[in-house]
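The next block holds one structure in the form of C-alpha cells; read it before the comments.
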Amino acid sequence: MSEELLSLPVPPVPPGGSGVAWLRSSVVRFSNGQEHTRRRALTTRLLDGVDATTLDELATALGLPGAMGDIARIAPCYQPHEPVTAEADAAVERLARSHDEVTAARIGLLVQAWAATNALAYHLTSGNPAPPVPITRRATETGTIEVSLAAHPFGHGPHACPGRTLATKIAKNMAFHAMHHREDPLVLPNAWDYASAVALHAAGFTAIGTTSLGVAAAHGLPDGMGLAGDQAIALARLLTTLPCPVTVDLESGFGRSPEEVAELVSGLGVAGVNLEDGRPHGLAAPQDQAKLIRAVKDRAPGVFLNARIDTHWQGIALHETEERARRYVDAGADGIFVAGLTEPAGIERLAPLAPLNVLAQNRTPAELGNLGVKRVSTGSLLFRAALRHTVAAAEAVRDGEPAPASFSYDQVQDLISRGTRSDAG
C-alpha cells in the first residue's frame, strides 16, 4: 500500500522569487509532471560520477565549496510545512549566485543530503533501525496525507532519492566517527566473511570490522605477508551492503604505493580502514607510514583511518610507540590501534592522543573505557573460536557425542536474506 501512496504527486508549492520560497518552487523534490521529469534528469546528471566521503566533499563536487554552514541554516526550513526564518532566506541568497534550476538543484541536493545523512548517522550510531526521515507527504483528491517511510527509507517511485547510495555512505562515515567519541568504548567484532558479519550485526553490534588473519587463512594464505589483498578487498566490497558501518583491515596496503592505497580506500565504500606500520620483515619507517596515512586522508577524508602501531608486537619500548602515534595523528589518522597493549599505565599515556583501540583482553570494556580506551576489537579471536568450534563439532559427531549448539539451517538462511537488504542503503 505504501508503494502506491508514494507514487502519488507531492503537494504543490507556491512560486517564489527569492530565498527559501524560490528554492522550494525550483527543485525536483516539490515538483510534479514534466517539471519533475526535467528536474529529476538534471539532478541525476549533477550526481553522476560524484564520489564523496563527507558532506563538505559533496558540496565542493556540486560547485558550492564551504556551503555546509548555510545549508544547515536552510535545512530546518526546507519542507513546505516548516516556517521560514530570515537566516534561512539569507543563506539561500548567499548560495544562489543566479536563480536558475541548476543552482536550485545544487542547493536542494545539499539540503536533502544534510538532513538525511545527519538523521541516518544518528540512527546508525544508536542502533535505531527507523528510517532517517519517518514520513513524507503526498497529495490526494481530498487533501494532503502523510505516508510512512518505514518500508522505503529513501522513498519509492518517481520521488525516490537519487542520491541514496552516496547519502548512505556519508552517513555511515559520520556514524562511525561518532562511535569513537562516546563515553563507552565501541566494541567492534571482526568478521572474516559475509555470513559472520551479518550474524554479528543481527546480534546487535552497531559496526563490524574484518580480521586479516581470518580472511587470509580462509583462503589458504598466511597473515601479515600482504598476500590476501584481493580477498580482503572483495570482502570489503561485499560488506558495504550491510546496514551498518564497516571497517576493513588492509594490513599495510598490500604492497601498493600511498597513492594507490588512497585511491583504493576512496573507492571501497567502507566507513573505516586499518593500516598498520608492521611489514613482513619488520616495521616501516615512521615517516613512510605517515606519508601513507596522509595520502589516504587527503583522498578520503570521511573514512575513519585507524593507524595500527606494531611496536608492542615486537617488544619495542613505549616511548617509540608514543612517538609513532603522535606522528601518525599529525598526518591525519583518526585513531590509533596498539595491538598487544595491556598495561594500564601505557593505555592511559596513549589515550589522550586520539581515540585509542586495543584488543579484547581480561579487562571489561567498561574497565578499558575508564582507562581512556575508545574502541575494543576482537581481532582474530572470533575466527579462531569458530575454527575450534568447527573441529569440536566434527569430533563430537565422530565420537558419538552430542554436537555443540549451533544456528539452524533456517536461521542462517534468514540471516543472509535480511543482511542483503540494507535498511540504511
Side-chain angles (χ1 to χ4, degrees), residues 53 173 176-177 180 188 190 209-213 215-216 222-230 232-233 236 247-268 270-342 346-347 349-359 373-375 377 379-380:
T53 62
N173 292 350
F176 196 54
H177 277 266
H180 291 80
L188 185 77
N190 296 85
T210 63
T211 162
S212 62
L213 173 66
V215 174
D223 184 31
M225 304 300 290
L227 301 177
D230 290 345
I233 292 165
T247 181
V248 297
D249 189 340
L250 295 182
E251 296 187 20
S252 58
F254 305 115
R256 291 170 165 81
S257 69
E259 294 73 23
E260 290 170 330
V261 176
E263 201 62 34
L264 169 64
V265 172
S266 176
L268 272 182
V270 295
V273 293
N274 268 20
L275 286 172
E276 62 198 47
D277 60 6
R279 299 294 186 267
H281 305 291
L283 289 174
Q287 62 270 23
D288 292 339
Q289 189 69 5
K291 181 180 178 181
L292 171 61
I293 291 168
R294 188 174 295 108
V296 172
K297 290 303 297 182
D298 285 347
R299 183 67 181 85
V303 177
F304 189 98
L305 194 155
N306 202 35
R308 192 177 107 176
I309 305 167
D310 281 353
T311 47
H312 267 57
W313 281 147
Q314 303 192 22
I316 296 174
L318 180 62
H319 70 82
E320 180 167 336
T321 303
E322 184 175 1
E323 289 173 4
R324 285 176 177 262
R326 291 184 183 278
R327 187 185 287 259
Y328 301 163
V329 171
D330 288 344
D334 301 290
I336 51 175
F337 175 24
V338 186
L341 179 65
T342 59
I347 293 173
R349 181 170 168 178
L350 296 176
L353 302 181
L356 176 63
N357 180 189
V358 299
L359 288 172
V373 170
K374 291 298 182 181
R375 172 164 145 185
S377 300
S380 63

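As the structure is a prediction and not an experimental result, all values here were calculated from the model.
- Between the side chain of Ser377 and the backbone N or O of Leu359 there is no donor-acceptor pair closer than 3.5 Å.
- A 4.5 Å side-chain heavy-atom check between Phe254 and Glu260 finds every atom pair outside the cut-off.
- Closest heavy-atom contact between Asn190 and Leu188: OD1-O, 3.3 Å.
- Using a 4.5 Å heavy-atom cutoff, the side chains of Val338 and Leu356 are in contact.
- Between the side chain of Thr210 and the backbone N or O of Asp249 there is at least one donor-acceptor pair closer than 3.5 Å.
- Below 30°, between 30° and 60°, or above 60°: for Phe304 and His180 the angle between ring planes is below 30°, a parallel geometry.
- Ser252 and Gly278 get closest at one heavy-atom pair: CB-O, 3.6 Å.
- Put simply, CZ on Arg349 and NE2 on His319 are 8.5 Å apart, with the number rounded to the nearest 0.5 Å.
- At a threshold of 4.5 Å between non-hydrogen side-chain atoms, the residues Leu341 and Ile347 count as touching.
- Of the residues Glu276, Arg324, Arg279, the one that meets the side-chain hydrogen bond (donor to acceptor under 3.5 Å, both in side chains) test with Gln289 is Arg279.
- Side-chain atoms of Asn173 come within 3.5 Å of backbone atoms of Thr53 as a donor-acceptor pair (strictly under, hydrogens ignored).
- Note: His312 NE2 to Thr321 OG1 = 5.0 Å, rounded to the nearest 0.5 Å.
- The OG atom of Ser257 lies 10.0 Å from the CD atom of Glu263; values are rounded to the nearest 0.5 Å.
- Not a single donor-acceptor pair under 3.5 Å links the side chain of Glu320 to the backbone N or O of Ala317.
- Using a 4.5 Å heavy-atom threshold, the side chains of Asn306 and Thr247 count as separate.
- The residues Arg326 and Glu322 are annotated as salt-bridged, a charged nitrogen and a carboxylate oxygen being separated by less than 4.0 angstrom.
- Between the Lys291 side chain and the Pro286 main chain, no donor and acceptor come within less than 3.5 Å of each other.
- Residues Ala290 and Tyr328 come closest through the heavy atom pair N-CE2, 4.2 Å.
- Using modelled atom types, no side-chain atom of Asp277 and backbone atom of Leu283 make a donor-acceptor pair closer than 3.5 Å.
- For the atom pair CZ of Phe337 and CG of Leu305, the computed distance is 13.0 Å after rounding to the nearest 0.5 Å.
- When atom types are taken as modelled, the side chain of Glu251 and the backbone of Gly226 share a donor-acceptor pair closer than 3.5 angstrom.
- Here the shortest heavy-atom pairing between His177 and Pro301 reads NE2-O, 4.5 Å.
- Residues Arg299 and Val265 have side chains not in contact (no heavy-atom distance under 4.5 Å, counting atoms from C-beta outward).
- Here the side chains of Gln287 and Arg327 are in contact, with some heavy-atom distance below 4.5 Å.
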**Message:** Please determine whether side chain to side chain contact (heavy atoms under 4.5 Å, CB included) holds for the pair Leu292 and Leu275, giving the CA-CA distance in whole Å, both sets of side-chain angles, and the decisive distance to 0.1 Å.
**Reply:** CA-CA 9 Å; Leu292 171 61; Leu275 286 172; 4.2 Å; yes

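- With a 4.5 Å cut-off on side-chain heavy atoms, Leu227 and Pro222 count as touching.
- Between the CD1 atom in Ile316 and the CD atom in Glu323 there is a gap of 11.0 Å [rounded to 0.5 Å].
- One finds the CG atom of Asp330 at 9.5 Å from the CG atom of Leu353 (value rounded to the nearest 0.5 Å).
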